[in-house]
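Okay, so here's the structure we're looking at.
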Amino acid sequence: MIGFPTSFLWGAATSAYQIEGSPLADGAGASIWHRFSREPGRVVGGATGDSACDHYRRYREDIALMAWLGINAYRFSVAWARVVPDGNGTLNPKGLGFYDRLVDALLAQGIEPMLTLYHWDLPAALEDRGGWLNPDSAKWFGDYAQVLFQALDDRVRLWLTLNEPWVSAVLGYLTGTHAPGRRGLREAALAAHHLLLAHAEAVTAYRAVGRHRIGIALNLEPQYAASAQAEDVEAAARRHIYVNRWFLDPILLGRYPAEIPQLFGADWPRRALQRAGLIRAPIDFLGVNYYSRALVVDDPSGRPARGRLVKRRDAQLTAMGWEIFPQGLTEMLLWIRREYGELPVYITENGAACNDPLPERGRVLDPGRARFLGRHLIAAQEALGRGVDLRGYFAWSLLDNFEWAYGYSKRFGLIHVDFATQRRTPKMSARFYRNLICRGGANL
Ligand SMILES: N=[N+]=NCCCCNC(=O)[C@@H]1[C@H]2[C@H](O)[C@@H](O)[C@H](O)[C@@H](CO)[C@@H]12
């Protein structure tokens, strides 16, 4: 098995709303998650991101922990409403100032910043104007992206436009389990289309002013038929289009998969097909967020892909109920290369929620997470050995944090956070990852 290249990025990832806290500090505007988390019943325990990991104030302490961890890259997102409080208008210098200081502090430790422009926290003022259902949303996003390109492209060399637009569209507009909590197939398809146009708007804007590289982070999940029955095989094929190709094809090929309008039927926005060509603004790399595979059975009532997820009885699951399936990462990376050609790839998220014990004498024993990371890094190494141009790996997540609708009930962190005291405690998995990075990934 070949090793990891010396240029390989060993990182960790977070997002603004999940770790920063202080959502309205220094002139920041509210986001849709600030609003959504306050709606009764939306988040486990009625939790909000008001404090989270208090990273907005403790970022220097957290960067010192990153330095101890030995990561050479850190993926974070910018809270749009900190920088442009009403989403599309006046800049807030204090909001931008936080990210300016964050980037400088990272670089001072030799840590490469990877900046995600949008990780689900749309300014609430833009939601009041229709949010991602408004055709102007692509321009709003392009204008916001421009602000950050101008301010930070002299130091940020890895940009991501959107994080998991599929989750934004499906959980935000179809299932309603994420902000803004709307429920409609047509809305989901329209929001997805505008998110893709927004991605293209930002990439196009970057080409005019940017000097480095820009991509997008997608949640990609291999779909396996639960049986050899034709109806299950076909259901898995439909879900593969729905979960993976719906976004990959327009971004990388400039067209929607032919099957997508059939899956959405009358709910598919007709004009979307003509405008799909606009979406293919060539990217420099693809971010792959990999967590698990899906095991699919036919389900005629399931909309829109008419497939339902099942679990094998003997499956090993994380605390999220997701099957631990490292080989799916290798297969997904190889499939992307076969299907879309040579494109640099970063694993921009991979990690596990575990039922961690409480810290005891400064230690948190989470062997399951260490094993999860190790097995997925072996799977990544396998893909590297078979020709995938894999440039880096970002563990999700640096810190235990606000896990969206699960609130603080699910812990993904390499570092434990006591949310009552904000005390950080590196877990066993952090030491495992630190030692691995020291060895450049050798002897996995
Ligand atoms: N069944 N199933 N399987 C996997 C489905 C994954 C969809 N959720 C994600 O990818 C989110 C991504 C998000 O960026 C981050 O902000 C979240 O904290 C992590 C952890 O939840 C992941």
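All residue numbers refer to positions in the sequence shown, counting from 1. Indexing begins at 1, ligand by ligand and atom by atom, following the structure's order. Remember, predicted model here, so these are calculated numbers, not experimental data.
Look at K410 and you'll find every heavy atom at least 4.0 Å from all atoms of ligand 1.
On a distance-only criterion, S292 and ligand 1 share no N/O pair closer than 3.5 Å. An N or O contact shorter than 3.5 Å is missing between S15 and ligand 1 by distance. Any N or O atom pair closer than 3.5 Å counts here, and W120 shares no such pair with ligand 1. Residue E164 places at least one N or O, backbone or side chain, under 3.5 Å from an N or O of ligand 1.
Within the structure, every pair that satisfies the salt bridge (charged side-chain N to carboxylate O under 4.0 Å, His left out) test and touches residues 397-417, not counting sequence neighbours, is listed here: D400-R411, D400-K427.
The shortest contact between atom 6 (C) of ligand 1 and any protein heavy atom is with W322 CH2, 3.8 Å. Atom 2 (N) of ligand 1 has E221 OE2, 3.3 Å as its closest protein atom, hydrogens excluded (heavy atom only). At the top of the distance list for atom 13 (C) of ligand 1, counting protein heavy atoms only, stands E349 OE1, 3.4 Å. Nearest protein heavy-atom contact of atom 18 (O) of ligand 1 is E403 OE1, 2.7 Å. Of the protein's non-hydrogen atoms, Y291 OH, 3.5 Å is the one closest to atom 19 (C) of ligand 1.
Atoms of ligand 1 lying under 4.0 Å from any heavy atom of F412, numbered from 1 in the order shown and given with element: 20 (C), 21 (O). Those atoms of ligand 1 that come under 4.0 Å of a heavy atom in Q18, given as number and element, are 15 (C), 16 (O), 18 (O). Every atom of ligand 1 with a heavy atom of H119 under 4.0 Å away is listed here by number and element: 13 (C), 14 (O), 15 (C), 16 (O).
Within the cation-pi definition used here (under 6.0 Å to the ring centroid, within 45° of the axis), R293 qualifies as a partner of F325.
Using a cutoff of 4.0 Å between basic side-chain nitrogens and carboxylate oxygens, E234 and R306 are not scored as salt-bridged. Contact check on D62 versus R58 returns no salt bridge, with no Lys/Arg side-chain nitrogen under 4.0 Å from an Asp/Glu carboxylate oxygen. For the pair E382 and R386, the salt-bridge criterion is met [side-chain N within less than 4.0 Å of a carboxylate O]. Look at D26 and R82 and you find no salt bridge, because none of the NZ, NE, NH1 or NH2 atoms lies under 4.0 Å from a carboxylate O. Under a 4.0 Å N-O distance rule, the pair D284/R391 does not qualify as a salt bridge. Salt bridge status for R431 with D366: absent, with no side-chain N to carboxylate O gap under 4.0 Å.
The proximity of N163 to ligand 1, defined as any non-hydrogen pair under 4.0 Å, is limited to the side chain.
With sequence neighbours excluded, no residue forms a salt bridge (charged side-chain N to carboxylate O under 4.0 Å, His left out) with E259.
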